[in-house]
Amino acid sequence: MQTPSRRRKRTLAGLALAMLTALTAGAAAPAVAGHGDPAVVGTDQGAVRGTVTAGLRSFQGIPYAAPPQRWTSPAPPPNWTGVRDATRPGPACAQPVGLPIGVPGEAEDCLHLNVTTPGQKGDDLPVIVWIHGGSLMFGTGDMYRPDRLATDAVVVSMNYRLGVLSFLTHPALDAGSPYGSGSLALEDQQAALRWVRANIDAFGGDPGNVTIMGQSGGGYTVCDHLASPMSAGLFQRAIVQSAPCAAGGSRTRAEAEADSAGVIETVGCANAADVAACLRSAETTVAELLAAYGPWGEPRPVSGTPLLPLSPAEALRTGRFNRVPVLVGVNHDEENGMYGGLEVNPGGSPIPAEAYESTVREQYGADADAILARYPLSAYDNSAGLALSTIGTDRNWAKPTYDTAKLLSKWTPTYMFEFAEQQTPWFVGYDEPSFPWRAQHMAELAYLFDLDLFLPRTRQQDRLADRMIAAWTRFAEDGDPNGGRDGRWQRFTERRPHVQSLTSGRWTSTEFVRDHEYALWSRLS
């Protein structure tokens, strides 16, 4: 469904094209890659051939940078002759065995992106650049199929370096980047955004209307792009899902070096005459590096550099960030999936009710009495897993996301949402936990993308998916998610902190502060 403003732009574009045709009648027509074949598009590097299906065109595995040298900044992509096959995604960037969203492998030549467009080529469509999550350790862009999201927008996804091959930090590696070591994922994403700016018009997208959108680890890098001067002008809007900028997005150089020291020691390079040469040697394999780094890190780009002078929290606090409209949100039950996953993983089991108090005291120390008083086990059907999930959601996700919206709204138009649907798809191949998972971490992704990770949506869930996608694409169009039959979604301001509750019912403002014990966590933090 096109918005009236977009239809007007199409009409004006058509009139301009007609006038240009009349003025140049008889002149030689420029060569067009593919000679009218909708499966072939020309880029700055050469032509690509994708796949055309009912209602969509898909182009996968397009290199946006050269095959990277280990721990060096991305370089411009190579040119090619002829028409490059773009019907299959590129390899996943090297990542370990771990989470279900992972694609284990050792590929270093992985800087590719994917473009999905409406089947009938339009002009000046809004562009949504999806930055996948996975703790910046796991995942690929292509696993998030954007067919429904691409009904009225051009959607780009990318692979970028993860884990040890992005975030290893050491003085010997600093020469590989003008910003020093430890932030290559962010540099890769900026290279992809530069490719989008240079090429997306050939796919029907508007290079001056780009929305970056990320969830979890990918959402934290959206926070980084907001804070990075090197990302200025590469996007015009931002969507941040389950990634409170006020509480994360970067780390200090000291933290990054401490995280890396054990890896460098384990692979035998700590005492080498040339540490960088040792780490980059073919004798130091990707498998060894992955094993030494492990699967459970939560790396972040390094702040305090020209790439990221300030942490996202400080950038938002001081207003020194790329001030674009932001749609920011959190899921009502973020940690239900984490505690539920602990139950259903091999060897897992529900946390006994009698272990609830001792677990709270172990995790929260001197604050335990106040927390136990506010979160009595009896309020959660005596489910320790559900009670602990609620505490963790309120403390780790709800409060800092609300703080993020407050910081953003001082400087730029901000809309906040809470995904609060109760009946959401669970993960394929896993038993159900002993308590409802509801709107757990990642649950909203089952509505915005087609993901093999989740059980198929029901018809009711499809209807909610349509409503959410319409709001997301409206925001990508002009920075305002309002429209259609859903209730008025007011901007978030500190005076009127509107949080839109997204469910299969009527969308309304939610009592977010009360529901998530914001006052308690503000006092305890």
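These numbers come from the heavy atoms of this one structure, side chains and all, not from hydrogens, waters or symmetry mates.
- There is no side-chain donor-acceptor pair under 3.5 Å between Ser250 and Arg300.
- Residues Trp472 and Gln241 bring a donor and an acceptor atom of their side chains to less than 3.5 Å of each other.
- More than 12 heavy atoms of other residues, nucleotides or ligands shown are found within 6.0 angstrom of CD on Gln363.
- In this structure the side chain of His112 never reaches within 4.5 angstrom of the side chain of Pro89, judged on heavy atoms.
- One side chain, Gln190 or Ser231, offers a donor N or O that lies under 3.5 Å from an acceptor on the other.
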(request) For Thr221 and Gln189, run side chain to side chain donor-acceptor pair (under 3.5 Å): C-alpha distance rounded to whole Å, both residues' side-chain angles, the deciding distance at 0.1 Å, then the answer. (result) CA-CA 9 Å; Thr221 63; Gln189 293 169 17; 3.1 Å; yes
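- The shortest side-chain heavy-atom distance between Ile128 and Val156 does not fall under the 4.5 Å cut-off.
- A distance of 12.5 Å separates NE2 of His332 from OG1 of Thr424, quoted to the nearest 0.5 Å.
- The minimum heavy-atom distance linking Ser228 with Asn322 is given by the pair O-ND2, 3.0 Å.
- Asn331 and Glu444 are linked by a side-chain donor-acceptor pair at a separation below 3.5 angstrom, with hydrogens and angles left out of the test.
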(message) Run Ser311 and Glu314 through side chain to side chain donor-acceptor pair (under 3.5 Å) and show every step you take.
(response) CA-CA 5 Å; Ser311 70; Glu314 182 66 9; 5.6 Å; no
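- No hydrogens or angles considered: nothing links the side chains of Glu343 and Ser349 as a donor-acceptor pair under 3.5 Å.
- Residues Arg70 and Ser281 approach most closely at NH1-O, 3.6 Å, considering heavy atoms.
- Inter-residue side-chain proximity for Met468 and Phe419 is flagged as met; some heavy-atom pair is nearer than 4.5 Å.
- From Leu56, atom CG reaches atom OG1 of Thr151 across 6.5 Å, with rounding to the nearest 0.5 Å.
- Side-chain contact check for Tyr220 versus Pro301: every heavy-atom pair is 4.5 Å or farther apart.
- Side-chain polar atoms of Trp71 and Ser181 form no donor-acceptor pair below 3.5 angstrom.
- Under the 3.5 Å distance criterion, with hydrogens and angles disregarded, a donor-acceptor pair is assigned to the side chains of Asn114 and Ser157.
- More than 12 non-hydrogen atoms from other residues, nucleotides or ligands lie less than 6.0 angstrom from CG of Asn79.
- Nearest heavy atoms, Pro306 versus Met230: O-CE, 3.6 Å.
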(request) Go through Arg145 and Asp452 one step at a time and tell me if the salt bridge (charged side-chain N to carboxylate O under 4.0 Å, His left out) criterion holds. (result) CA-CA 9 Å; Arg145 297 193 305 279; Asp452 293 336; 3.2 Å; yes
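- Under the 4.5 Å side-chain criterion, counting only non-hydrogen atoms from C-beta, Phe138 is not in contact with Pro100.
- With respect to the salt-bridge test (charged N to carboxylate O, under 4.0 angstrom), the residues Asp174 and Arg253 qualify.
- Tyr415 is not listed as a side-chain neighbour of Pro325, based on a closest heavy-atom distance of 4.5 Å or more.
- For Ser73 and Ser177, the side-chain atoms include at least one donor-acceptor pair closer than 3.5 Å.
- In the model, Thr87 has no side-chain atom that pairs as donor or acceptor with a side-chain atom of Gln60 under 3.5 Å.
- Using the six-membered ring where Trp is involved, Tyr144 and His132 have ring planes that are parallel, under 30° apart on the 30 and 60° scheme.
- By the neighbour-count criterion of 12 heavy atoms within 6.0 Å, atom OH of Tyr430 is sparsely surrounded, having that number or fewer from other residues, nucleotides or ligands.
- Across all non-hydrogen atoms, the minimal contact from Val41 to Phe59 is CG2-CZ, 3.6 Å.
- In this structure, Arg323 places its CZ atom where more than 12 heavy-atom neighbours from other residues, nucleotides or ligands lie under 6.0 Å away.
- To the nearest 0.5 Å, atom CG of residue Asp44 and atom CG of residue Asn199 are 4.0 Å apart.
- Note on Asp403 versus Lys399: salt bridge recorded, some NZ/NE/NH1/NH2 to OD/OE distance being below 4.0 Å.
- Between Phe203 and Trp195, the two ring planes are tilted [angle within 30° to 60°].
- In this structure, the side chains of Leu99 and Trp296 come closer than 4.5 Å at one or more pairs of heavy atoms.
- Between the side chains of Glu362 and Thr359, no donor-acceptor pair of N or O atoms lies under 3.5 Å.
- Between Thr169 and Ile264, the closest heavy-atom pair is O-CD1, 4.5 Å.
- The distance between the ring centers of His441 and Trp397 falls below 6.0 angstrom.
- Under a 4.0 Å N-O distance rule, the pair Asp85/Arg49 does not qualify as a salt bridge.
- A donor-acceptor pair shorter than 3.5 Å can be found between the side chains of Tyr293 and Asp259.
- Judged purely by distance below 3.5 Å, without hydrogens or angles, the side chains of Gln215 and Trp130 never pair a donor atom with an acceptor atom.
- To the nearest 0.5 Å, the span separating CG on Leu168 from CG on Leu279 amounts to 6.0 Å.
- Annotation: the span from Phe417 atom CZ to Thr401 atom OG1 amounts to 9.0 Å, rounded to 0.5 Å.
- Across Ala227 and Ala315, no two heavy atoms sit closer than the pair CB-CB, 3.7 Å.
- In summary, the side chains of Gln440 and Glu334 do not present any donor paired with an acceptor at a separation below 3.5 Å, with no hydrogens or angles considered.
- Between Ile131 and His225, the closest side-chain pair of non-hydrogen atoms falls below 4.5 Å.
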